[in-house]
Amino acid sequence: MKLKQSLRWAPVALVSLLVLSGAVALAEKKFMVISPRPDVKVMLAGSVQRDQALISLDEKVTVNRGEIMNWTITSSNEGNAPAREYKTVGVIPAGTQIVAGSVSADGSAKVTYSIDNGKSFSAQPTIEEKQADGSMKKVPAPTSMYTQIRYEWADPLNEGARLVASYKVRLN
């Protein structure tokens with residue numbers, strides 16, 4: 001008889017326990033603090049200049065020797081805090097060469113280049129060149145050696161803001 005009586009109260013006790021634990025979980029969720037953090041989405045778009053028009057590289061298109069490709073990097077901060085010391089890197093594809101004067105960016109971006117696949121960056125990369133007398137001298141690297149371009153912003157990329165950077169390369 002005692003066993004039947006305790007089993008009768010078991011569902012009531014279980015429901016009470018579930019309601020109580022649900023209320024605690026709700027209270028925890030209500031008071032949970034979400035820490036602010038940036039969430040930067042980056043999109044790369046490419047196009048080729050042909051007959052005074054731009055053709056998206058998303059389409060099936062063959063790029064011919066000597067044609068210029070435009071690369072645009074768009075960075076959007078969809079988070080709830082600024083992205084500080086924000087940097088983005090664009091690749092200069094093998095077999096191409098950066099077009100002089102084609103580099104641009106929103107804001108006051110510092111632009112640097114790599115000739116070693118991103119291991120190091122410099123505003124003007126250099127190489128050692130053997131001189132007529134046999135000595136070695138550092139000289140500016142030819143742009144045909146550039147492998148990456150990096151954009152760095154001193155100002156933060158604020159929440160809801162976006163930055164656009166672009167460059168052009170010519171297919172060798």
Side-chain angles (χ1 to χ4, degrees), residues 33-172:
V33 177
I34 298 173
S35 60
R37 69 174 221 266
D39 182 14
V40 179
K41 306 289 186 212
V42 180
M43 187 179 91
L44 176 67
S47 61
V48 63
Q49 287 178 234
R50 189 172 290 153
D51 299 325
Q52 305 300 320
L54 290 177
I55 300 169
S56 173
L57 292 177
D58 289 341
E59 300 173 20
K60 281 191 168 185
V61 78
T62 301
V63 180
N64 301 309
R65 175 174 263 168
E67 287 187 311
I68 294 175
M69 291 175 279
N70 302 298
W71 294 104
T72 302
I73 305 168
T74 304
S75 304
S76 303
N77 185 354
E78 297 177 7
N80 56 2
R84 301 191 189 285
E85 299 177 19
Y86 182 67
K87 302 173 189 171
T88 190
V89 176
V91 173
I92 299 168
T96 68
Q97 185 171 342
I98 195 150
V99 175
S102 70
V103 175
S104 68
D106 289 344
S108 57
K110 175 183 166 189
V111 178
T112 54
Y113 305 91
S114 177
I115 59 173
D116 58 9
N117 292 310
K119 293 178 187 158
S120 63
F121 286 86
S122 171
Q124 185 170 30
T126 59
I127 58 171
E128 289 205 358
E129 185 176 77
K130 192 171 188 174
Q131 302 300 300
D133 65 1
S135 66
M136 298 300 279
K137 180 180 175 185
K138 285 194 178 222
V139 297
T143 56
S144 61
M145 292 182 69
Y146 290 13
T147 57
Q148 275 93 9
I149 180 171
R150 180 171 66 188
Y151 299 88
E152 299 178 59
W153 286 270
D155 295 330
L157 175 54
N158 291 319
E159 55 270 28
R162 77 181 198 147
L163 292 169
V164 177
S166 63
Y167 59 101
K168 295 178 182 182
V169 297
R170 181 182 313 275
L171 184 62
N172 296 331

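- Lys138 places none of its side-chain heavy atoms less than 4.5 Å from the side chain of Ile127.
- Listed for the Asn158 side chain is no donor-acceptor partner under 3.5 Å among the backbone atoms of Ala161.
- Here the side chain of Tyr151 pairs a donor or acceptor atom with the backbone of Ser166 at under 3.5 angstrom.
- Residue pairs meeting the salt bridge (charged side-chain N to carboxylate O under 4.0 Å, His left out) criterion with at least one partner in residues 41-51, sequence neighbours excluded, are Asp39-Lys41, Arg50-Glu67.
- The structure places CG of Asn70 at 5.5 Å from CG of Leu54, a figure rounded to the nearest 0.5 Å.
- For the pair Thr126 (side chain) and Val139 (backbone), a donor-acceptor distance under 3.5 Å is absent.
- The two residues Pro36 and Asn80 make their nearest non-hydrogen contact at CA-OD1, 3.2 Å.
- Among residue pairs with one or both ends in residues 127-136, those qualifying as side chain to side chain donor-acceptor pair (under 3.5 Å) are Asp133-Ser135; sequence neighbours excluded.
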Practice item. Go through the steps to decide whether Ser144 and Gln97 satisfy the test side-chain hydrogen bond (donor to acceptor under 3.5 Å, both in side chains), and finish with yes or no. Key: CA-CA 5 Å; Ser144 61; Gln97 185 171 342; 4.8 Å; no
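- With a 4.5 Å cut-off on side-chain heavy atoms, Val164 and Thr72 count as touching.
- Taking 4.5 Å as the limit, some side-chain heavy atom of Val63 sits within range of a side-chain heavy atom of Met69.
- If you take CD1 on Ile115 and CD on Gln148, they are separated by 11.0 Å, rounding to the nearest 0.5 Å.
- When all heavy atoms of Arg84 and Pro156 are compared, the closest pair comes out as NH1-CG, 3.7 Å.
- When all heavy atoms are compared, the tightest approach of Ser56 to Val61 is O-CG1, 4.2 Å.
- Proximity of Trp71 to Val91: side-chain heavy atoms (C-beta onward) are nowhere separated by under 4.5 Å.
- Note that OG of Ser122 is 10.5 Å distant from OH of Tyr113, once rounded to the nearest 0.5 Å.
- Contact check for Ile68 versus Val48: no side-chain heavy atoms found under the 4.5 Å cut-off.
- Applying the 6.0 Å contact sphere to CZ of Arg162 captures no more than 12 heavy atoms from other residues, nucleotides or ligands.
- A parallel orientation is assigned to the rings of Trp153 and Tyr86, their planes being inclined by less than 30° (bins at 30° and 60°).
- You'll find the side chain of Pro125 reaches within 4.5 Å of the side chain of Tyr146, heavy atoms only.
- One finds the CZ atom of Arg65 at 12.5 Å from the CZ atom of Arg170 (value rounded to the nearest 0.5 Å).
- Glu152 is listed as a side-chain neighbour of Thr112, based on a closest heavy-atom distance under 4.5 Å.
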**Study point:** Steps toward side-chain contact (heavy atoms from CB on, under 4.5 Å) verdict (Val103, Ile149)
**Key:** CA-CA 9 Å; Val103 175; Ile149 180 171; 3.6 Å; yes
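- The backbone N or O of Pro38 lies less than 3.5 Å from no partner atom in the side chain of Asn77, so there is not a single donor-acceptor pair.
- Here the straight-line distance linking atom CD1 of Ile73 with atom CG of Leu44 works out to 6.0 Å at 0.5 Å rounding.
- In terms of heavy-atom proximity, Lys119 sits nearest to Ser114 at N-OG, 4.0 Å.
- A distance of 14.5 Å separates NZ in Lys87 from CG in Leu157, rounded to the nearest 0.5 Å.
- For the pair Thr147 (side chain) and Asn117 (backbone), a donor-acceptor distance under 3.5 Å is present.
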Practice item. Might you work through the side-chain contact (heavy atoms from CB on, under 4.5 Å) test for Asp155 and Ser108, ending with a clear yes or no? Key: CA-CA 8 Å; Asp155 295 330; Ser108 57; 4.1 Å; yes
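- Two residues are said to be in side-chain contact when any heavy atoms from C-beta on lie closer than 4.5 Å; Asn172 and Thr96 fail this criterion.
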